[in-house]
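Just so you know, these numbers come straight off a predicted model, no measurement behind them. All values below come from the heavy atoms of this structure, side chains included, with hydrogens, waters and symmetry mates left out.
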Amino acid sequence: SASSTRDWLMKPFANSSCERLNSRSASVTLDSACVCDSRAVGSAPELNGFWQDGFRASEPVHVGVAVALRGGGVVAPAIHDADLKSAVELMADLRDLVKRARAGTLRSSELADPTITVTSVGDRGPDAVWGVINPPQVAIVGVGTIVERPWVEDGAVVVHPTVTLTLSADHRVTDGHRGGMFLTAI
């Protein structure tokens, strides 16, 4: 599978319509990644779909979100039509999905059709996570922990919160170059 990585500067999101995006919370990072992923997948449609006897692109963007269950295990329910929702709607849907996943009250339709998945290691995990693709999907975006790193800004080295995003993708439908372009679009 193709894989790419990119450090993501969190500062630009501090002034967005989602005021919480400047915090060091892992849920904020996952919220942000879901929003950006749902928008960026339009630049790499080969990452939004399924491999079933060949690639089948998906028109709608149903972002799956990996949720660790308190009793063990992981599920990845979908936020349907994520590309058509505002950032505020996506974050509300994400919180609702996580709550219902942990309560065991998800609908079967939410588990059946994510077209691309986002996974996060939380705020106490490693700097980066390489997700495992959930077949028949062809891609998963990994969100690491927010870490303060040196960043060059206006010719000076300053410290900014950053997060490492990774992409694991099926080489039958894409390559590392296209994956890198997708991460840049995020």
Side-chain angles (χ1 to χ4, degrees), residues 2-44 47-48 61 63-70 74-79 82-83 85-99 101-102 114 116-133 139-169 176-186:
S3 58
S4 298
T5 184
R6 180 163 178 91
D7 287 339
W8 189 33
L9 178 64
M10 296 297 293
K11 186 178 177 187
F13 297 94
N15 297 321
S16 74
S17 62
C18 309
E19 294 173 15
R20 292 178 2 129
L21 296 178
N22 198 28
S23 112
R24 293 181 52 86
S25 164
S27 66
V28 169
T29 306
L30 188 58
D31 289 348
S32 305
C34 286
V35 170
C36 296
D37 184 51
S38 69
R39 305 303 188 260
V41 80
S43 70
L47 298 176
N48 187 54
V61 177
V63 176
V65 181
V67 178
L69 302 176
R70 289 194 165 70
V74 175
V75 294
I79 299 173
D83 57 325
K85 296 182 179 188
S86 71
V88 172
E89 289 172 311
L90 278 170
M91 287 189 269
D93 285 357
L94 175 62
R95 284 187 293 278
D96 176 60
L97 274 181
V98 170
K99 180 180 173 183
R102 291 186 174 149
I116 186 169
T117 296
V118 176
T119 186
S120 171
V121 293
D123 59 355
R124 293 186 260 300
D127 289 358
V129 59
W130 293 95
V132 177
I133 301 168
I140 185 168
V141 175
V143 182
T145 302
I146 297 174
V147 177
E148 290 193 346
R149 290 191 175 101
W151 200 270
V152 177
E153 186 175 286
D154 297 325
V157 177
V158 295
V159 176
H160 279 300
T162 63
V163 67
T164 299
L165 299 182
T166 60
L167 172 70
S168 299
H177 174 73
R178 294 284 298 158
M181 291 171 53
F182 169 72
L183 289 176
T184 298
I186 290 179

TODO: Decide side chain to side chain contact (heavy atoms under 4.5 Å, CB included) for Val143 and Leu165; before the verdict, give the C-alpha distance in whole Å, the side-chain angles of both, and the deciding distance to 0.1 Å.
DONE: CA-CA 5 Å; Val143 182; Leu165 299 182; 3.9 Å; yes
Closest approach of [X] to [Y] (non-hydrogen atoms, all atoms of both residues):
X      : Y      : value
Val157 : Pro150 : CG1-CB, 3.8 Å
Val74  : Ala66  : CG1-CB, 4.1 Å
Leu69  : Ala101 : CD2-O, 3.5 Å
Gly144 : Val163 : O-CG2, 3.0 Å
Leu167 : Trp130 : O-CZ3, 3.8 Å
Pro114 : Ala76  : CG-O, 3.3 Å

Quick check against the 3.5 Å criterion: does [X] have a side-chain atom that pairs as donor or acceptor with the backbone of [Y]?
X      : Y      : value
Thr166 : Val129 : yes
Thr162 : Val147 : yes
Thr119 : Gly142 : no

Look up atom [atom1] in [X] and atom [atom2] in [Y], then write down how far apart they are to the nearest 0.5 Å.
X      : Y      : atom1 : atom2 : result
Arg149 : Thr164 : CZ    : OG1   : 4.0 Å
Leu90  : Arg95  : CG    : CZ    : 10.5 Å
Asp83  : Asp37  : CG    : CG    : 10.5 Å

Open item on the list: So if I apply the side chain to side chain contact (heavy atoms under 4.5 Å, CB included) rule between Ile79 and each of Val61, Val118, Val65, which one comes out positive?
Closed with: Val65
Open item on the list: Determine whether Ile140 and Val132 satisfy the following criterion, side chain to side chain contact (heavy atoms under 4.5 Å, CB included), listing intermediate values before the conclusion.
Closed with: CA-CA 7 Å; Ile140 185 168; Val132 177; over 6 Å; no
